Amino acid sequence: MLRLLILTNILWSLLFVAAPASAQVEDGYDLWLRYRPIAAQATPQYAGRATSVVAESTSPTIAAAASELRRGIGGMLQVTPAADLRDGAILIGTPASSALIRQMRLPLRRLGNEGYLLRSATLRGSRITVVAANGETGVLYGSFALLRRMQMQQSIDSLDISETPALKLRMLNHWDNLDGFIERGYSGKSIWNWQQLPTVDARVIDYARANASVGINATVLNNVNANAQILTEPYLLKVKALAGAFRPYGIKVYLSARFSSPIDLGHLKTADPLDPEVRAWWKAKADEIYRLIPDFGGFLVKANSEGQPGPQGYGRNHADGANMMADAVKPHGGLIFWRAFVYAMGPDQDRIRAAYDEFKPLDGKFRDNVIVQVKNGPLDFQPREPFSPLFGAMPKTKLALETQVTREYLGQSTGIAYLGPMWSEVLRSRTARPRPTSDVASTIVAIAGVSNVGNDRNWTGTLFDQANWYAHGRLAWNLHADPAAVANEWTRLTWGNAPQAITLITSLMMGSREATVDYMTPFGLTHLMGTSHHHGPAPWVADLGTPSWNPAYFHKADATGIGFDRTTAGSNAADQYAPEIARTFADLDKVPDEYLLWFHHVPWSHRMRSGDTLWNALVARYDLGVAKVGAMQAQWSALSGTIDPVRHAQVAADLRAQQQEAQWWRDASIAYWQSLNHLPLPEGHPLPARPLSYYKTIKFEGLPGNP
Ligand code: BDP
């Protein structure tokens, strides 16, 4: 008996010693930087290539790069790398701070400040891998790239890879309030602990690592619906602490500024941008901030939009407001991101026309340190919109593309919607101006994504929402990256390298956003979500104070037809595009199916290109969306046993919720349309599970993320 007990004990201890990796809890905190031990058969190829990490500088950025490499190698290979030049060393640095790298005369000239070179080389008789760049942030990016290759079990022999980012400004916009609540945040509260700051917690550093690993180099800390208090000294000292924590990771801090701050904080009577006292106030405020944070990025401003104050309150235009603030930060090298999210609210106006109508005439009027920040579509982060016509229409103005990483209108924290394909669709959209071949990607200088990060243990509420943070960074780095390749990468880093898992997860992700379009807003329908919380279907709502917040305003459905006429017979918004694009959108025979009801009001009997009537096609499309979620569930189930049970179960539950939500969208929408058109359902289609009155009573006022 005793012997058996001893044997059992030995067996148990062996089990624990032998399996530290699988015993590691997968709670999502490590994101895509998991650095789990690499399968034994793959280790030999790396072991000889990661014996040592050599850094000749101790600057904070080089130290961060070296420490990341040590952490990654330690985790993946279960060894502690040395620090001297030897066979298998990884040498990191810039020519300015490393004599060894200087001596190698590497071709770095065209890499700019943030690009990097990974190269296998021989130095002083040792076979090494060099991570070199002109700027230290480039070295950090290169180190992450090398680790990524190892995590994906790609070869790191004979490397000769250089990369540079497509855009200089790759940003996150946090919509975090000073009380810790996140507007449209579905992953807990803000990670900025304003009470505890200026003491910085470890999570903030992990946030910086995650951003740097995908090349995000700027972050706006607070909500665009800004509280002026952020510009007071106590808060600025906290902001300074965050800026200090981010600096080694190449991330600059920006703040959302409330346009009325001179009144709110400075006790001035006006915030008129042409008033000398107002101008002096902003200048003094900028000077104060830059004294504390010399590399402060600048301000993001939401003005004259959804009740926010702005220059129009004083009879001035957006350029007057933006330029006044631009002049204040200019001496310090600061930037102003001025949002173009403005809209018409009257029942007879077309809300989506406003941004173009207001901003296009101002082209050429903005200072060179102003960037006009334009949402991807002309409306508001819907599951699908055509690109905003401002892209390409303001050749004399710098533009940023604003996307929403948080899924306000795409199910929030329910299920999976991988947004890489959506952003890529926007970036690749042909604007046909200023040049005939122009696409959205060619018209922008920056990308800003509204962040989905909160203080949930796994950062983003669901595990798959991490992929959207990841893809935001990777696409900002390479605007033409294939979203499937990005999904594949993220999958390997997050779920491991089992071939079956990679294939299934990537394909599941790639179809997921289109599934949400299908079951929520197919064929160009839009903004049918529940009123303030934007969750779930509410196409029947027609009585909100602001007409252009009503779903009914957008679908214009009645007994005879459905859709918003934006041709010359209607609001003529199609005409805001370059002539060639406008002609396609405005022509019923040419408009792509996915934008049909965005640009046209058609009878329910309208013949689709498929030959079906619109009504039958619509019902079939809802069904397709529901079926796609079913298929996603089946794909995920097939992975049981391949993926750790805790995470597998979590995602399975997320997908079950998405299945219910998809059915809810389909049934509620069909029940409502049918109450208008009284058409029979196509043959074989099941009746909605419940009567319309039931769907109308579902309310979600307690959802997180609501203002
Ligand atoms: C809308 C959100 C609202 C934001 C606004 C914005 O519902 O919470 O304040 O966008 O972008 O989609 O300013």
Side-chain angles (χ1 to χ4, degrees), residues 302-313 315-318 339-362 374-390 393 409 521 523-532 534 537-577 579 581-588 591 595-604 606 614 669 672-673 675-677:
K302 171 176 178 177
N304 296 119
S305 165
E306 299 187 328
Q308 296 299 308
Q312 291 174 344
R316 317 295 182 194
N317 64 31
H318 286 286
R339 296 178 87 223
F341 178 61
V342 295
Y343 55 87
M345 308 213 276
D348 303 322
Q349 291 168 302
D350 183 356
R351 165 171 163 177
I352 70 154
R353 283 197 60 113
Y356 184 95
D357 288 345
E358 279 188 39
F359 278 84
K360 164 81 181 147
L362 298 176
V374 183
K375 287 190 182 182
N376 58 275
L379 178 51
D380 191 2
F381 298 139
Q382 299 301 300
R384 170 168 276 124
E385 298 184 36
F387 67 93
S388 162
L390 279 172
Y409 293 94
T521 51
F523 297 141
L525 286 171
T526 199
H527 213 301
L528 306 183
M529 291 75 188
T531 51
S532 69
H534 299 157
W540 44 82
V541 172
D543 57 358
L544 295 173
T546 301
S548 69
W549 286 347
N550 289 329
Y553 164 95
F554 289 101
H555 62 64
K556 308 226 179 299
D558 59 18
T560 56
I562 182 168
F564 201 125
D565 186 353
R566 295 192 164 109
T567 67
T568 39
S571 77
N572 206 17
D575 204 43
Q576 293 181 329
Y577 291 90
I581 310 284
R583 274 195 299 275
T584 307
F585 287 156
D587 184 340
L588 200 46
V591 65
Y595 301 132
L596 174 66
L597 304 176
W598 182 281
F599 287 109
H600 298 270
H601 185 85
V602 294
W604 294 103
H606 170 78
L614 168 65
S669 306
Y672 179 63
W673 305 135
S675 77
L676 300 176
N677 65 21

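This one's a predicted model, so the numbers in the text were calculated from it and none came from an experiment.
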Engineer: Hey, what do you get for CH2 (Trp549) to CG (Asp543), rounding to the nearest 0.5 Å?
Structural biologist: 13.5 Å
Engineer: Using only heavy-atom distances, determine whether the side chains of Glu306 and Tyr343 contain a donor-acceptor pair under 3.5 Å.
Structural biologist: yes
Engineer: side-chain contact (heavy atoms from CB on, under 4.5 Å) between Asp350 and Phe564: does it pass, once the steps are laid out?
Structural biologist: CA-CA 9 Å; Asp350 183 356; Phe564 201 125; 3.6 Å; yes
Engineer: Are Asp380 and Phe341 close enough, and set up right, to give a side-chain contact (heavy atoms from CB on, under 4.5 Å), and what steps lead you there?
Structural biologist: CA-CA 8 Å; Asp380 191 2; Phe341 178 61; 3.6 Å; yes
Engineer: Looking only at atom types and distance, does a side-chain atom of Asn304 sit under 3.5 Å from a main-chain N or O of Gln312, one as donor and one as acceptor?
Structural biologist: yes
Engineer: How far apart are the C-alpha atoms of Asp558 and Leu676, what are their side-chain angles, what is the distance that settles it, and do they pass the side-chain contact (heavy atoms from CB on, under 4.5 Å) test?
Structural biologist: CA-CA 6 Å; Asp558 59 18; Leu676 300 176; 5.7 Å; no
Engineer: Quick one: which of Leu597, Leu379, Leu525 gives a side chain to side chain contact (heavy atoms under 4.5 Å, CB included) with Phe554?
Structural biologist: Leu379
Engineer: Using only atom types and a distance under 3.5 Å, with no angle test, would you say the side chain of Tyr356 pairs donor to acceptor with the backbone of Ser388?
Structural biologist: no
Engineer: Does the side chain of Trp540 come within less than 4.5 Å of Ser675's, by heavy atoms?
Structural biologist: no
Engineer: What distance separates Lys302 NZ from Gln308 CD, expressed to the nearest 0.5 Å?
Structural biologist: 5.5 Å
Engineer: For Tyr553, give me all partners under side chain to side chain donor-acceptor pair (under 3.5 Å), at least two apart in sequence or on another chain.
Structural biologist: none
Engineer: Do the two ring centres, one from His527 and one from His555, sit under 6.0 Å apart?
Structural biologist: no
Engineer: To the closest 0.5 Å, what do you measure between CG (Asp575) and CZ (Arg583)?
Structural biologist: 10.5 Å
Engineer: At their closest point, which heavy atom of Pro389 faces which heavy atom of Gln576, and how far apart are they?
Structural biologist: CB-O, 3.5 Å
Engineer: To check you understand the geometry: which heavy-atom pair defines the closest contact between Met529 and Pro551, and what is its length?
Structural biologist: O-CG, 3.8 Å
Engineer: Quick one: sort the Phe599 and Phe585 rings into parallel, tilted or perpendicular, breaks at 30° and 60°.
Structural biologist: parallel
Engineer: Please report the shortest heavy-atom distance between Ala582 and Ala574, naming the atom on each side.
Structural biologist: CB-O, 3.2 Å
Engineer: Any luck finding a side-chain donor-acceptor pair between Asn317 and Glu358 under 3.5 Å?
Structural biologist: no
Engineer: Looking at every heavy atom in both Leu596 and Val591, which two are closest together, and how far apart are they?
Structural biologist: CD1-CG1, 4.0 Å
Engineer: Please find the pair of heavy atoms, one from Trp673 and one from Trp604, that lie closest to each other, and give the distance.
Structural biologist: CB-CH2, 3.8 Å
Engineer: Return the CZ to NE2 distance between Phe359 and His318, rounded to the nearest 0.5 Å.
Structural biologist: 4.0 Å
Engineer: So how far is it from Ile352 CD1 to Arg566 CZ, rounded to the nearest 0.5 Å?
Structural biologist: 3.5 Å
Engineer: Of all heavy-atom pairs between Ala303 and Gly310, which one has the smallest distance, and what is that distance?
Structural biologist: CB-CA, 3.8 Å
Engineer: Just how far is it from atom NE2 of His600 to atom CG of Asp565, taken to the nearest 0.5 Å?
Structural biologist: 7.5 Å
